[in-house]
Amino acid sequence: MKPELYREICDSLHHLLGEENDFIANAANTSALLFQSLPEVNWAGFYIARGSDLVLGPFQGKPACVRLPLGKGVCGAAAVEHRSVIVPDVSHFPGHIVCDPDARSEIAVPLLSWGRLIGVLDLDSATLNRFDEDDREGLESVAAILLASHSTAGLPDLDEQARGEEANSLS
Ligand code: SME
């Protein structure tokens, strides 16, 4: 049963993250846990919000697209709409961004901290219609555990970097 599997994953994640509050380290272990625990998943990982793009973060699976524009593709839709997006058949999703031609279905869950977009958790499967409401609930719980694990102290680094990039592009 999927809810039971996600309960086990959430328990494992609590233990795995422990007291660590480094976002990148915790996101890396979260993607590894999901990839190892969930059947029929060929990619599990994160895109981090940076300016008007989502930039590839920790993941498990084949190498993937590095930058996704906000609002484009499945991840971009989840990011701008601030809601999870389940795509039963990626070939029917307008603007779907192909990173792995084997991917047939996908789910993207936004990472939101106090309403602010941090990034997106994305999973791909080579099976059509792989993800359902149980996955959405389970993965939203996973995202909540990850977000709770880091103090926002981990994020100013990302913000600072983004500000640095903006400053560079203006100069
Ligand atoms: N298919 C995604 C791009 C990311 S990968 O699947 C890893 C999208 O349309 O946003």
Side-chain angles (χ1 to χ4, degrees), residues 2 5-6 9 13 16-17 22-113 115-147 149-150 154-155 158 161-162 165:
K2 274 191 195 176
L5 176 58
Y6 278 107
I9 289 173
L13 189 60
L16 195 55
L17 304 189
D22 185 278
F23 180 77
I24 297 295
N26 287 347
N29 263 337
T30 302
S31 66
L33 179 67
L34 291 173
F35 192 69
Q36 294 296 325
S37 308
L38 292 171
E40 295 180 277
V41 165
N42 61 346
W43 201 90
F46 294 90
Y47 281 89
I48 313 290
R50 296 231 175 118
S52 57
D53 287 338
L54 293 167
V55 180
L56 185 63
F59 71 94
Q60 298 275 306
K62 289 185 186 167
C65 315
V66 173
R67 276 181 194 270
L68 311 173
L70 279 176
K72 296 262 170 63
V74 182
C75 294
V80 297
E81 292 170 24
H82 284 200
R83 64 173 182 91
S84 299
V85 176
I86 296 173
V87 181
D89 181 347
V90 294
S91 69
H92 292 158
F93 188 91
H96 170 253
I97 299 167
V98 180
C99 293
D100 177 357
D102 289 341
R104 292 281 172 276
S105 60
E106 180 164 355
I107 183 168
V109 174
L111 303 180
L112 300 166
S113 176
R116 173 169 154 246
L117 182 77
I118 307 296
V120 173
L121 167 61
D122 183 45
L123 277 79
D124 286 346
S125 174
T127 306
L128 280 174
N129 208 9
R130 160 67 181 80
F131 303 104
D132 59 15
E133 283 301 304
D134 286 340
D135 294 289
R136 183 185 59 72
E137 267 188 41
L139 293 170
E140 286 177 358
S141 299
V142 165
I145 293 169
L146 172 64
L147 285 166
S149 76
H150 76 91
L155 285 167
L158 300 179
Q161 182 175 338
E165 280 166 8

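FYI, the numbering just counts along the sequence from 1. One-based numbering, in listed order, for ligands and for the atoms of each. Scope of the values below: all heavy atoms of this structure, side chains included, with no hydrogens, waters or symmetry mates.
- Between F93 and ligand 1 there is no heavy-atom distance shorter than 4.0 Å.
- Within the 4.0 Å heavy-atom criterion, the part of C99 lying near ligand 1 is the side chain and not the backbone.
- With contacts defined as side-chain heavy-atom distances shorter than 4.5 Å, the pair L146/F23 qualifies.
- The distance from ligand 1 to the heavy atoms of G73 drops below 4.0 Å at these ligand atoms: 9 (O), 10 (O).
- With a 4.5 Å cut-off on side-chain heavy atoms, D132 and D135 count as touching.
- In the vicinity of W43, heavy-atom distances shorter than 4.0 Å reach the ligand 1 atoms 7 (C).
- Among all heavy-atom pairs drawn from A108 and V120, the shortest one is CB-CG1, 3.8 Å.
- Taking each of L56, V85, I97, D124 in turn, the one with a heavy atom nearest to atom 1 (N) of ligand 1 proves to be I97.
- No more than 12 heavy atoms of other residues, nucleotides or ligands shown are found within 6.0 angstrom of NZ on K72.
- Side-chain contact between D124 and E106: present, with at least one pair of heavy atoms (C-beta onward) separated by less than 4.5 Å.
- Here the shortest heavy-atom distance to atom 8 (C) of ligand 1, taken over L68, D122, V74, L54, belongs to V74.
- For F59, no heavy-atom contact with ligand 1 is shorter than 4.0 Å.
- A heavy-atom distance below 4.5 Å is not found between the side chains of E81 and P110.
- Considering backbone and side-chain N/O atoms, H96 comes within less than 3.5 Å of an N/O atom of ligand 1.
- Here the heavy atom of the protein found nearest to atom 2 (C) of ligand 1 is E106 OE2, 3.0 Å.
- In this structure the side chain of P39 reaches within 4.5 angstrom of the side chain of L5, judged on heavy atoms.
- Residue-to-ligand polar distances place C75 within reach of ligand 1: an N/O pair is separated by less than 3.5 Å.
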